[in-house]
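Below is the structure I would like to discuss, written out as structure tokens.
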Amino acid sequence: MKKLIAGNWKMNGNRTMVRTLISEVVNALDAEQRILDRADIAVFPPALYLSDVRHTLYGFPVISFGMQDISEYEDGAYTGDISASMAADAACTYVILGHSERRQYHGETNEKVKLKAELLLAEDITPIICVGETESEREMGNALKVVGEQLESCIPVIKNNYRDIVVAYEPVWAIGTGKTALPEDIRVMHQFIREKLEDKVPDASKVRILYGGSMKPENAAEILHIQNVDGGLIGGASLKTDTFLAIAREA
Ligand code: PEP
């Protein structure tokens, strides 16, 4: 399966930085197109700058883009929110859901993630559903149980036909900390996620399962070659063209 390398830019930068970063990524990939044979590339700028990214990508549509979250409501009086149909209007291919920072700071629940995923599928947008345990949950030996419960409640009901969804396994304690999960723990978790998906969706073997959490050029090759790791969700290292593409090069 072709790997997906996704850059979550979070709430960083400003318009100038976003324009510079996306132009650099385009120029570098244009010069080294073989990366695109092995990896699909997607970027997730702050929503306000989606149109800047979209504008730059008109000339280089092989890079996809998306939002970092959407509302659980379809429309109406929800000040500050952006709907799934607006994400479709903005030509998003993907939307990240249930990121641990949304769960921690914005009260995101598994139930909301599921609702949002259903709204996105109705718009033909691929949800990237994030799951992952905290450090204490792992220390107590509960990592598989926690992730299993998250998947149970987050994955939208999909019957009969295959619909594109992506799952990102992001151990909370590895995000932005410089710590990464052990390769064997990643292998076990990704295998477990694949098996869980088999109970939930048709063609689970086609669902990409990304790893996220302090991925960087130095550890990307090892992580990306673990069985059932179908790409990476990259935070900090996606904010620099050379580190982002050095990771993609290992796909
Ligand atoms: C993330 O926020 O999804 C992430 C993986 O961040 P980082 O790569 O900085 O750990």
Side-chain angles (χ1 to χ4, degrees), residues 3-13 17-18 21 25 39-47 49 53 64-70 92-108 110 112-113 116-117 120 126-135 137-138 143 146-147 150-151 154 165-183 185-186 189-190 193 208-224 226 228-251:
K3 301 220 191 272
L4 172 63
I5 303 295
N8 175 12
W9 295 353
K10 309 194 184 186
M11 196 176 72
N12 287 299
M17 176 270 200
V18 164
L21 183 54
V25 171
D40 288 331
I41 306 287
V43 295
F44 297 81
Y49 304 133
V53 167
S64 309
F65 56 89
M67 287 180 46
Q68 301 169 12
D69 183 43
I70 49 139
C92 292
T93 303
Y94 302 97
V95 171
I96 299 171
L97 296 180
H99 190 280
S100 69
E101 287 149 17
R102 300 294 316 172
R103 292 177 188 264
Q104 188 179 350
Y105 305 125
H106 299 276
E108 186 77 320
N110 292 327
K112 284 188 194 173
V113 171
K116 293 177 181 189
L120 289 172
T126 301
I128 300 183
I129 298 173
C130 301
V131 293
E133 79 287 355
T134 62
E135 190 150 38
E137 286 164 343
R138 176 156 288 276
V146 168
V147 170
Q150 288 174 335
L151 289 169
C154 285
I165 62 166
V166 175
V167 173
Y169 168 55
E170 299 207 300
V172 178
W173 48 272
I175 296 178
T177 58
K179 299 186 207 169
T180 42
L182 296 172
D185 290 340
I186 298 176
M189 183 61 85
H190 279 237
I193 293 173
R208 288 196 275 203
I209 307 174
L210 313 185
Y211 172 80
S214 296
M215 218 196 239
K216 40 187 184 270
E218 301 79 60
N219 58 26
E222 182 171 34
I223 295 173
L224 289 171
I226 297 170
N228 285 309
V229 174
D230 307 310
L233 183 53
I234 326 291
S238 71
L239 292 169
K240 292 215 168 76
T241 307
D242 55 348
T243 47
F244 185 50
L245 292 192
I247 293 171
R249 210 170 276 127
E250 302 297 344

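One-based numbering, in listed order, for ligands and for the atoms of each. Numbers here are sequence positions counted from 1.
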Handout entry: Check: Glu170 side chain, Gly132 main-chain N or O, donor-acceptor pair, under 3.5 Å
Key = no

Ignoring hydrogens and angles, write down the donor-acceptor pairs under 3.5 Å from the side chains of residues 232-241, residues two or more places apart or on other chains.
unit_1: Ser238; atom_1: OG; unit_2: Ile234; atom_2: O; d: 3.2
unit_1: Ser238; atom_1: OG; unit_2: Gly235; atom_2: O; d: 2.7
unit_1: Thr241; atom_1: OG1; unit_2: Glu24; atom_2: OE1; d: 2.6

Handout entry: Gap separating the CG atom of Leu210 from the CD1 atom of Ile193, nearest 0.5 angstrom
Key = 10.0 Å

Handout entry: Proximal protein residues to ligand 1, non-hydrogen atoms under 4.0 angstrom
Key = Asn8, Lys10, His99, Glu170, Ala174, Ile175, Gly176, Gly212, Gly213, Ser214, Leu233, Ile234, Gly235, Gly236

Fill in the blank from the handout: To the nearest 0.5 Å, atom CG of Asp185 lies from atom CD of Glu133 at 8.5 Å

Handout entry: Heavy-atom pair with the smallest gap, counting every atom of Trp9 and Val53
Key =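 Here Trp9 and Val53 meet closest at CZ3-CG2, 4.1 Å.
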
Handout entry: Test item: Asp230 and His190 side chains (from C-beta on) under 4.5 Å apart, heavy atoms
Key =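 No, every pair of side-chain atoms sits at 4.5 Å or beyond.
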
